S.K.: 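I have a structure here, written as structure tokens, and I will follow up with some questions on it.
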Amino acid sequence: MPPPLGHDDSCLLTPLIPATPPLPPRATARLHPLPLLVGALFATYYHLLVAPAPSYYQSLFLSLGSNDTAAAHLRALTVRPHLAGTEANALAAEHVVSTLSSLSFPTRVTPYEVLLSYPVRRSLSLSAPGRDATAFALVQDTYPGDPYAAASAEVVPTFLAYAASGSAAAEVVYANYGRTEDYAYLASRGVNVTGKVALARYGKVYRGDIVKNARDAGAAAAVIFTDTKDYTPGKAFPDGPWMPATGVQVGSTFKGVGDPTTPMWASSGGCERVSIAEAMATDDMPGIPALPVSGRDGEEILRLIGGDVAPEDWQGGEGAPVYRLGPGPAVLNLTYTGNETIATIQNVISVIEGKEEPDRYVILGNHRDAWTFGAADPNSGTAALLELAERLSKLQTKGWRPRRTIILCNWDAEEYGLIGSTEWVEENRAMLTSRTVAYLNVDVGVSGSGVDASATPQLDELLKQASKKVQNPDNGTESLYDMWMASDSSQIGRLGGGGSDYSAFVQHIGIPSVDMAIGSGYAVYHSLYDDFTWMEKYGDPMFRRHVVVASIWGLVALRLSDEEILPFNYSSYVQELENGAVDINKRVLGMPVNLSPLHKSIEQLNRAVLKVDSELQALQTWKFWSPSQNDPLRVRDLNDRLMMTERAFTEREGLSGRPWYKHMIYGPSLYNDYGAEVYPGVDDAIQTAKKANTTESWQSVQHEIHRIARVISQAALVLSGGLT
């Protein structure tokens, strides 16, 4: 029976992964050598001629994909809207638990009490001299024949989570995408934002940064609209895949990570907490009232804004009114009341215990909670995870058991600020840092065609190799790799942004990680229309793309869990670090900054990479002449170094001013939580120094360069396995 979905203290006492049993006392009797020799010869014969190689099970795994299974899981998960903390999301968790438990995988729910945000009251009206006030409905319309029209009544009204409660009535200023450079342009044109309502469009940066930038510019409130230029360039849903006129992108504005009331520690039972008022008063919260609106409402506001004409790249699409900067004469009267409350969230954790190395973990994760129905975000990924799990169960019936433990995780409350995954990582930090081989994330599993993949660099080559084994879902004559390399997104991205659940694994504790998807961006994101019908008509009509996501996800997991020597390649990392150093050099030319410590540490890491490459070659040579096995202690030592090198890129104190982010190589941009930065601490310091241009500010840049040089040197020592 699966564990109950409530908080059961007894389950906390029973580990999912049993402790290693104590070794029996050593025998004192003398053993005859002949039986030992026969046993060794039998073991060698079995491994060579009887036991299937990992590649056999990998091929079998790829052959077991089921479009119907993926579609059935997605339909079941998206029958109702299921926002974190709601009864519908608890039912979705039950579906995940039931599926994984039916496969005989030990499965449990790990609950946390966290701060979530819901709307209580919203209103927005537009007025101008000589014109009656217009009250916006703030409703996303259903369409004739919508099979989810009745269920749509359960959708939480459009809002921005954690926006400050309050009211504002003021002239409107148009701020383009709401970036810092947009507000700098307004200031250069003499447009005063102080006390005004800032109107910005979704796009280039995280919505939490849009609101924060408005606050920092002095705005009394912010409104964000979905511009038809960016979200409806073609036919709108249901006649096409694009955002309908009343569609609204909702979402969180919290710039932190995890439960806001337990910063830097886990939200476990009876834990220390800051008050809700203290949590809402931090700089990670928006601090002003804010609302999202549709493209139609955004254009209505823009028609009444006067002032100078906005630049060409600030304008809308064909048929849109002329966008002007303001302020006024349009006036917006905005009221928002939110309910910030402690609610229960539920992570689902399932384990397939490893045979030879049960204390080494390969973790697969996807979140379950959605702002509305969540067909693409995130339940295309959830459906792929469950389809993948069913394939692994079938492998078990064929004799497979992973060498290392595989853990399947279904996170909750990701949409509010990566909360479920962050709390779990914080609670299990010591175990995870000492035992985790890699974390493999899928969020929006399917949203269209093409491949979108990001990784820490030592996993680049593994991703490419795996994609060559998986068929292109849209063209059966070529591989996924062929489609990937022919696309505009052929480069592997990096995991510095805060966009999904890999954040805690990479940026907080330094776990090698991957994030992958089929498709990159889609118009009905975070809106009412992200439902099963949209997916069935436009996202993945045959559900082949879901199967492909599960295939490459599972294949990477199988290689990491089953291969004797971890398939890591740190050569890409060296190149990445060198490229980052070149970029820094360009930005500090003529300034009193010395990059020699950084170059020296990168060369040190390069020597360690060459040493490991020679060790791998020696082990492969030994394996050729003695196929039965490599020296297990030698293999374990090498694997531990490959696994732990990523941890060495973290520093206990974290980024300056952002201590939760421990990774010195990858982290989010200070001005865009979605944006990934190489050397984020140096980037922060350079931006500050260019504004202040003081001796002290450039000394801070030099200090940050020394910090990253030190962690790279530490990584080199770990990888080479030596002491100074």
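We use all heavy atoms of the structure for the numbers below, so side chains are in, but hydrogens, waters and symmetry mates are not. None of these values were measured; they are calculated from a predicted model.
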S.K.: Ignoring hydrogens and geometry beyond distance, is a side-chain donor-acceptor pair present between Q617 and D613 at under 3.5 Å?
M.R.: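 On atom types as modelled, these side chains do not qualify, holding no pair under 3.5 Å.
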
S.K.: Considering only NZ, NE, NH1 and NH2 on the basic side and carboxylate oxygens on the acidic side, decide whether R636 and E357 come within less than 4.0 Å.
M.R.: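 A salt bridge is present here (some side-chain N lies under 4.0 Å from a carboxylate O).
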
S.K.: Do the side chain of N379 and the main chain of R368 share a donor and acceptor less than 3.5 angstrom apart?
M.R.: yes

S.K.: Would you say R544 has more than 12 foreign heavy atoms packed within less than 6.0 Å of its CZ?
M.R.: no

S.K.: Sub-3.5 Å donor-acceptor pair from the side chain of Q714 to the main-chain atoms of A648, do we have one?
M.R.: no

S.K.: Taking all heavy atoms of G381 and all of W553, pick out the closest pair and write down the distance.
M.R.: O-CZ3, 3.6 Å

S.K.: State whether the side chain of K611 and the backbone N or O of S720 hold a donor-acceptor pair below 3.5 Å, judged by distance alone.
M.R.: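 Here the side-chain-to-backbone pair exists.
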
S.K.: Do W411 and I349 make a side-chain contact, defined as non-hydrogen atoms from C-beta onward lying under 4.5 Å apart?
M.R.: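 Side-chain contact under 4.5 Å: yes.
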
S.K.: For I511 and V506, work out which heavy atoms get closest and say how close.
M.R.: O-CG2, 3.7 Å

S.K.: Please answer whether the main-chain N or O of W484 pairs with a side-chain N or O of S487 as donor and acceptor at a distance below 3.5 Å.
M.R.: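 A pair under 3.5 Å: yes.
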
S.K.: Is there side-chain contact between D377 and Y525, with heavy atoms separated by less than 4.5 Å?
M.R.: yes

S.K.: Are the side chain of N366 and the backbone N or O of V442 linked by a donor-acceptor pair below 3.5 Å?
M.R.: yes

S.K.: Please report the closest heavy-atom contact between S601 and I712, naming both atoms and the distance.
M.R.: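 Taking S601 first and I712 second, the nearest heavy atoms are O-CG2, 3.4 Å.
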
S.K.: Hey, which of V549, D540, I552 is the one that makes side-chain contact (heavy atoms from CB on, under 4.5 Å) with I518?
M.R.: V549

S.K.: What residues form a salt bridge (Lys or Arg N to Asp or Glu O under 4.0 Å) with R391, not counting sequence neighbours?
M.R.: E387

S.K.: Supply the atom-to-atom distance Y112 OH to E423 CD, rounded to the nearest 0.5 angstrom.
M.R.: 7.0 Å

S.K.: How far does CD of E390 sit from CG of L395, to the nearest 0.5 angstrom?
M.R.: 12.5 Å

S.K.: Scan residues 471-483 for pairs that pass salt bridge (Lys or Arg N to Asp or Glu O under 4.0 Å), counting only residues two or more places apart or in two chains.
M.R.: D474-R545

S.K.: When you measure from the side chain of H508 to the backbone of T422, do you find a donor-acceptor pair of N or O atoms at a distance under 3.5 Å?
M.R.: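 No; judged by distance alone, with no hydrogens or angles, the pair does not exist.
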
S.K.: Could you tell me if the side chain of E426 sits less than 4.5 Å from the side chain of W660, heavy atoms only?
M.R.: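 Yes. Closest side-chain heavy atoms under 4.5 Å.
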
S.K.: If I compare all heavy atoms of H546 with all of A383, which pair ends up nearest, and what's the gap?
M.R.: CD2-CB, 4.3 Å

S.K.: Just verifying a value: how many Å separate Y679 OH and I665 CD1, rounded to the nearest 0.5 Å?
M.R.: 5.5 Å

S.K.: For the pair D369 (side chain) and E414 (backbone), establish whether a donor and an acceptor sit closer than 3.5 Å, ignoring hydrogens and angles.
M.R.: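 Yes: the side chain of D369 pairs with the backbone of E414.
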
S.K.: Before we go on, tell me: are the rings of H95 and H73 under 6.0 Å apart, centre to centre?
M.R.: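 Between H73 and H95, which both carry aromatic rings, the centre distance is below 6.0 Å.
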
S.K.: Is there side-chain contact between L392 and F61, with heavy atoms separated by less than 4.5 Å?
M.R.: yes

S.K.: Between the side chain of N639 and the main-chain N/O of L566, is any donor-acceptor distance below 3.5 Å?
M.R.: yes

S.K.: After noting the C-alpha distance and the side-chain angles of S713 and Q604, does the key distance pass the side chain to side chain donor-acceptor pair (under 3.5 Å) rule?
M.R.: CA-CA 7 Å; S713 293; Q604 186 181 353; 3.0 Å; yes

S.K.: V437 vs Y361, test: side-chain contact (heavy atoms from CB on, under 4.5 Å). Steps then yes/no.
M.R.: CA-CA 6 Å; V437 170; Y361 307 155; over 6 Å; no

S.K.: Can E651 and H663 be counted as having a side-chain donor-acceptor contact under 3.5 angstrom?
M.R.: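 Absent: no donor and acceptor within the cut-off.
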
S.K.: For the side chain of D515 and the backbone of S454, is there at least one donor-acceptor N/O pair under 3.5 Å apart?
M.R.: no

S.K.: Do the ring centers of Y573 and F568 come within less than 6.0 Å of each other?
M.R.: no

S.K.: Is the side chain of R360 donor-acceptor paired with the backbone N or O of E356 at a distance under 3.5 Å, no angle test?
M.R.: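 Checked: no pair found.
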
S.K.: Kindly state each residue pair satisfying salt bridge (Lys or Arg N to Asp or Glu O under 4.0 Å) with at least one member in residues 454-473, sequence neighbours excluded.
M.R.: D460-R494

S.K.: May I ask you to test the L560-L459 pair for a side-chain heavy-atom distance under 4.5 Å?
M.R.: yes

S.K.: Taking atom OG of S350 and atom CG of L408, what is their separation to the nearest 0.5 Å?
M.R.: 5.0 Å

S.K.: Taking C-beta and beyond as the side chain, do I565 and L619 meet within less than 4.5 Å on heavy atoms?
M.R.: yes

S.K.: Please determine whether salt bridge (Lys or Arg N to Asp or Glu O under 4.0 Å) holds for the pair R641 and E615, giving the CA-CA distance in whole Å, both sets of side-chain angles, and the decisive distance to 0.1 Å.
M.R.: CA-CA 12 Å; R641 286 150 48 200; E615 289 182 66; 2.4 Å; yes

S.K.: Taking all heavy atoms of M485 and all of S490, pick out the closest pair and write down the distance.
M.R.: CE-O, 3.6 Å

S.K.: Decide side chain to side chain donor-acceptor pair (under 3.5 Å) for T477 and N475; before the verdict, give the C-alpha distance in whole Å, the side-chain angles of both, and the deciding distance to 0.1 Å.
M.R.: CA-CA 6 Å; T477 65; N475 182 350; 2.6 Å; yes

S.K.: Starting at CG of N410, measure out to OG1 of T110 and round the result to the nearest 0.5 Å.
M.R.: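 The distance works out to 11.5 Å.
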
S.K.: Step by step, work out the side-chain contact (heavy atoms from CB on, under 4.5 Å) result for W424 and L432.
M.R.: CA-CA 10 Å; W424 192 74; L432 294 173; 3.9 Å; yes

S.K.: Out of V574, L717, L610, which one pairs with L605 under the side-chain contact (heavy atoms from CB on, under 4.5 Å) rule?
M.R.: V574

S.K.: Apply side-chain contact (heavy atoms from CB on, under 4.5 Å) to residues R403 and K355 and explain how you reach the verdict.
M.R.: CA-CA 5 Å; R403 177 187 181 94; K355 184 178 181 181; over 6 Å; no

S.K.: Give me the atom names and distance for the closest heavy-atom approach of Y57 to G399.
M.R.: OH-C, 3.4 Å

S.K.: Does any non-hydrogen side-chain atom of V351 lie less than 4.5 Å from one of I406?
M.R.: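 Side-chain contact under 4.5 Å: no.
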
S.K.: Is the closest side-chain heavy-atom distance between I352 and Q396 below 4.5 Å?
M.R.: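 Counting from C-beta outward, I352 and Q396 do come under 4.5 Å.
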
S.K.: To the nearest 0.5 Å, what is the distance between OG on S503 and CG on L418?
M.R.: 5.5 Å

S.K.: Y666 pairs by side chain to side chain donor-acceptor pair (under 3.5 Å) with which of E576, Q507, E677?
M.R.: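 That would be E576; it is the only one of E576, Q507, E677 passing the side chain to side chain donor-acceptor pair (under 3.5 Å) with Y666.
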
S.K.: Aromatic rings F505 and Y439: how do their planes relate, parallel, tilted or perpendicular, breaks at 30° and 60°?
M.R.: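 Plane angle under 30°, so parallel.
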
S.K.: Sort out for me which residue in V678, V682, L577 forms a side-chain contact (heavy atoms from CB on, under 4.5 Å) with I708.
M.R.: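 Only one of V678, V682, L577 forms a side-chain contact (heavy atoms from CB on, under 4.5 Å) with I708, namely V682.
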
S.K.: Does any donor atom in the side chain of S571 or N569 lie under 3.5 Å from an acceptor atom in the other side chain?
M.R.: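 Yes, because at least one side-chain N or O of S571 sits under 3.5 Å from a partner of the opposite role on N569.
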
S.K.: Go through the steps to decide whether R707 and R710 satisfy the test side-chain contact (heavy atoms from CB on, under 4.5 Å), and finish with yes or no.
M.R.: CA-CA 5 Å; R707 291 183 75 196; R710 286 194 289 269; 3.4 Å; yes

